[in-house]
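Predicted model only: the values in this text are computed from it and were never measured.
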Amino acid sequence: NDGSPVAINDITAEIFRIILRYVYGEEIPELKIILDKGKDIISAADRFGIVGLKLAVEAVLVESLVINMHTVADWLLFSDLKKRPLLKK
């Protein structure tokens with residue numbers, strides 16, 4: 001604990017801030033952010049074991065109808081990789 005910065009690879013500062021806001025205040029990102037960065041948020045929440053955030057983002061994505069006939073294959077593959085059954089429905 002010498003006060004040196006700790007590098008956290010493979011995550012943007014924006015997504016890490018979202019993770020921290022959820023961990024410390026259970027703050028769910030705004031709809032626009034979820035629609036733009038939903039996969040990144042789910043992936044990061046999965047990486048850090050934050051189940052509540054994964055479920056919340058997944059629910060928003062399903063409710064917003066972001067999954068349509070043009071995007072269904074991509075979302076199905078993603079949901080399979082991340083084991084997100086709600087996205088598959």
Side-chain angles (χ1 to χ4, degrees):
N1 290 345
D2 62 4
S4 299
V6 175
I8 301 173
N9 299 319
D10 301 326
I11 188 169
T12 65
E14 177 186 17
I15 299 300
F16 195 69
R17 272 192 293 277
I18 290 168
I19 294 291
L20 290 176
R21 286 186 180 129
Y22 184 81
V23 167
Y24 288 104
E26 293 189 16
E27 180 181 324
I28 305 298
E30 296 176 8
L31 177 62
K32 182 183 181 317
I33 293 170
I34 291 174
L35 295 178
D36 289 342
K37 306 283 184 179
K39 287 181 184 177
D40 295 332
I41 297 167
I42 290 172
S43 294
D46 187 51
R47 175 181 174 187
F48 295 109
I50 305 168
V51 176
L53 181 58
K54 285 192 297 187
L55 292 173
V57 171
E58 185 178 3
V60 169
L61 289 170
V62 170
E63 290 173 9
S64 69
L65 301 176
V66 72
I67 302 168
N68 57 47
M69 67 181 201
H70 301 291
T71 63
V72 69
D74 185 47
W75 280 105
L76 186 58
L77 179 61
F78 179 79
S79 66
D80 210 35
L81 287 171
K82 297 298 176 181
K83 298 176 177 68
R84 305 306 325 146
L86 186 59
L87 288 174
K88 287 184 178 183
K89 293 181 180 182

For side-chain contact (heavy atoms from CB on, under 4.5 Å), just list the numbers for F48 and I11, CA-CA rounded to whole Å, side-chain angles, deciding distance to a tenth of an Å, and then say yes or no. CA-CA 11 Å; F48 295 109; I11 188 169; 3.8 Å; yes
Find the distance between NZ (K39) and CG (D46) and round it off to the nearest 0.5 Å. 14.5 Å
Kindly compute the distance separating CZ (R47) from NZ (K54), expressed to the nearest 0.5 Å. 13.5 Å
Please report the interatomic distance CD1(I50) to CG(L55), rounded to the nearest 0.5 Å. 12.0 Å
Minimum heavy-atom distance I28-Y22, with the two atoms named: CD1-CE1, 3.5 Å
For the student: nearest non-hydrogen atoms of I19 and A45, plus distance: CD1-N, 3.7 Å
For the CD atom of E27 and the CG atom of L20, what is their distance to the nearest 0.5 Å? 11.0 Å
CG of L61 to CG of L31, rounded to nearest 0.5 Å, is 8.5 Å
Roughly how far, to the nearest 0.5 Å, is CD1 of I15 from CD1 of I18? 4.0 Å
Identify the heavy atoms of P29 and I41 that sit nearest to each other, and give their distance. CG-CD1, 4.1 Å
